[in-house]
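By convention here, the first residue in the shown sequence is residue 1. Bear in mind that the values here come from a model prediction, so they are computed numbers and not experimental data.
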Amino acid sequence: MKVKKTLLTACMTGCVFFAALTGVRAQEVKAADVIQDNPAQVNQSTPWVVSTINEQTISDSKPVTLKIALHLPPAEIAVKSVLLNISAFVHPEITGDDASFLSKSRHPWIRNADYLNQQGIVFGQVDTSSDANERVGIQRPAELKRDIVQAIKLMQAKFPQLPIDVGIFGQGAVAILDALKQVDGVRKVIAVSGSYLPARTANWS
């Protein structure tokens, strides 16, 4: 995926950046349109639905799995798009089929799942794969790319015809952007991360 960067709006974690597919006109997006700094958003009404993907082994001899927790809009709301938050953490956080603990998360994308659903957006939390072995995303680029590709394939199968966007946050932003430049199927990327600032001159084209 070839991307270009446009500075958007300051928000509570630093700055919001928008990366659009090359050839697509960049749009200004207000932070309030995609994320709400509201503690009330922590209490989410819709249950999380967990899918497990069996993945190709790259650096681990054990079977590898990847879990994705979906937070779906109510039936009466028309679905317009999918937004995936990619984890670049050192180990998986979703260990079974119950992801209800995510409703207590302070992570800005996760805690806004209900808000995104009200806008007609399916929210998906893409967990760290089981072969991370205490490595952050930048230390396992092949595995991270594989995880993103598999997550996108699953979303395309579940929601054909819907555009897929990626929202990222924290220190994994750069590693995820590096992986995304080799991945097709993503319409746009929104990075909410002060950690992104040191890399703002990097070239992802």
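By the 4.0 Å N-to-carboxylate-O rule, Asp165 lies too far from Lys80 to be salt-bridged with it.
Leu84 places a side-chain heavy atom less than 4.5 Å from the side chain of Ile86. Residues Leu154 and Gln150 fail the side-chain proximity criterion, which asks for heavy atoms closer than 4.5 Å. For the pair Ile148 and Val166, the minimum side-chain heavy-atom distance is 4.5 Å or more. Here the side chains of Arg135 and Glu143 are in contact, with some heavy-atom distance below 4.5 Å. The closest side-chain heavy-atom distance from Asp98 to Trp48 is not below 4.5 Å. At a threshold of 4.5 Å between non-hydrogen side-chain atoms, the residues Leu66 and Ser130 do not count as touching. Annotation: side chain of Ile77 is not in contact with side chain of Asn117 (no heavy-atom distance under 4.5 Å). Between Leu70 and Phe123 the shortest side-chain heavy-atom distance does not fall below 4.5 Å.
Closest non-hydrogen pair, Trp109 versus Gly167, comes out as NE1-C, 3.5 Å. Residue Ala69 comes nearest to Ala99 through the heavy atom pair CB-CB, 3.9 Å, listed as atom of the first residue, atom of the second, then distance. What you find for Ala157 and Pro160 is that their closest heavy atoms are O-CD, 3.6 Å.
A donor-acceptor pair shorter than 3.5 Å can be found between the side chains of Ser129 and Asp147. Between the side chains of Glu93 and Ser87, no donor-acceptor pair is found at a separation under 3.5 Å. Between the side chains of Arg111 and Ser103, no donor N or O sits under 3.5 Å from an acceptor N or O.
To the nearest 0.5 Å, the span separating NZ on Lys145 from CD1 on Ile58 amounts to 9.5 Å. In this structure, CZ on Arg146 lies 10.0 Å from CD1 on Ile53, to the nearest 0.5 angstrom. His71 NE2 to Ile110 CD1: the interatomic distance, rounded to the nearest 0.5 Å, is 10.5 Å. In this structure, CG in Asp131 is found 5.5 Å from CG in Asp60, a value given to the nearest 0.5 Å. Between the CD1 atom of Ile94 and the CD atom of Gln125 there is a distance of 6.0 Å, given to the nearest 0.5 Å. One distance of note links CD of Gln119 with CG of Asp114; it measures 11.0 Å at 0.5 Å rounding.
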Chi angles and distances behind the side-chain contact (heavy atoms from CB on, under 4.5 Å) call for Ile190, Ile168: CA-CA 6 Å; Ile190 305 170; Ile168 50 183; over 6 Å; no
Verify side-chain contact (heavy atoms from CB on, under 4.5 Å) between Leu177 and Val189, making sure each step is shown before the conclusion. CA-CA 8 Å; Leu177 283 170; Val189 179; 3.9 Å; yes
Check against side-chain contact (heavy atoms from CB on, under 4.5 Å), Ile121 and Tyr115: CA-CA 9 Å; Ile121 301 171; Tyr115 174 78; over 6 Å; no
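In the hydrophobic clustering of this structure, Phe89 does not group with Leu144; members are Ile, Leu, Val, Met, Phe, Trp, Tyr whose side-chain heavy atoms approach within less than 4.5 Å, directly or through other members. Residues Ile138 and Val90 fall within the same hydrophobic cluster, defined by Ile, Leu, Val, Met, Phe, Trp and Tyr side chains chained together at heavy-atom separations under 4.5 Å. The cluster map of Ile, Leu, Val, Met, Phe, Trp and Tyr, joined by side-chain heavy atoms under 4.5 Å apart, puts Ile68 and Val79 in the same cluster. Placement of Val149 and Val82 within a single hydrophobic cluster is found when ILVMFWY residues are connected by side-chain heavy-atom separations under 4.5 Å, directly or transitively. Under a hydrophobic-cluster definition in which Ile, Leu, Val, Met, Phe, Trp and Tyr are linked whenever side-chain heavy atoms come within less than 4.5 Å, directly or via other members, Val126 and Leu162 are assigned to the same cluster.
Put simply, the side chain of Asn85 never gets that close to the backbone of Gly124: no donor and acceptor are under 3.5 Å apart.
Counting non-hydrogen atoms of neighbouring residues, nucleotides and ligands closer than 6.0 angstrom, the CD atom of Gln161 reaches no more than 12 such neighbours. Sparse packing is recorded around CD of Gln56, with 12 or fewer heavy atoms of other residues, nucleotides or ligands lying under 6.0 Å away.
Looking at Thr52, Asp127, Thr95 one by one, the single match for side chain to side chain donor-acceptor pair (under 3.5 Å) with Lys67 turns out to be Thr52.
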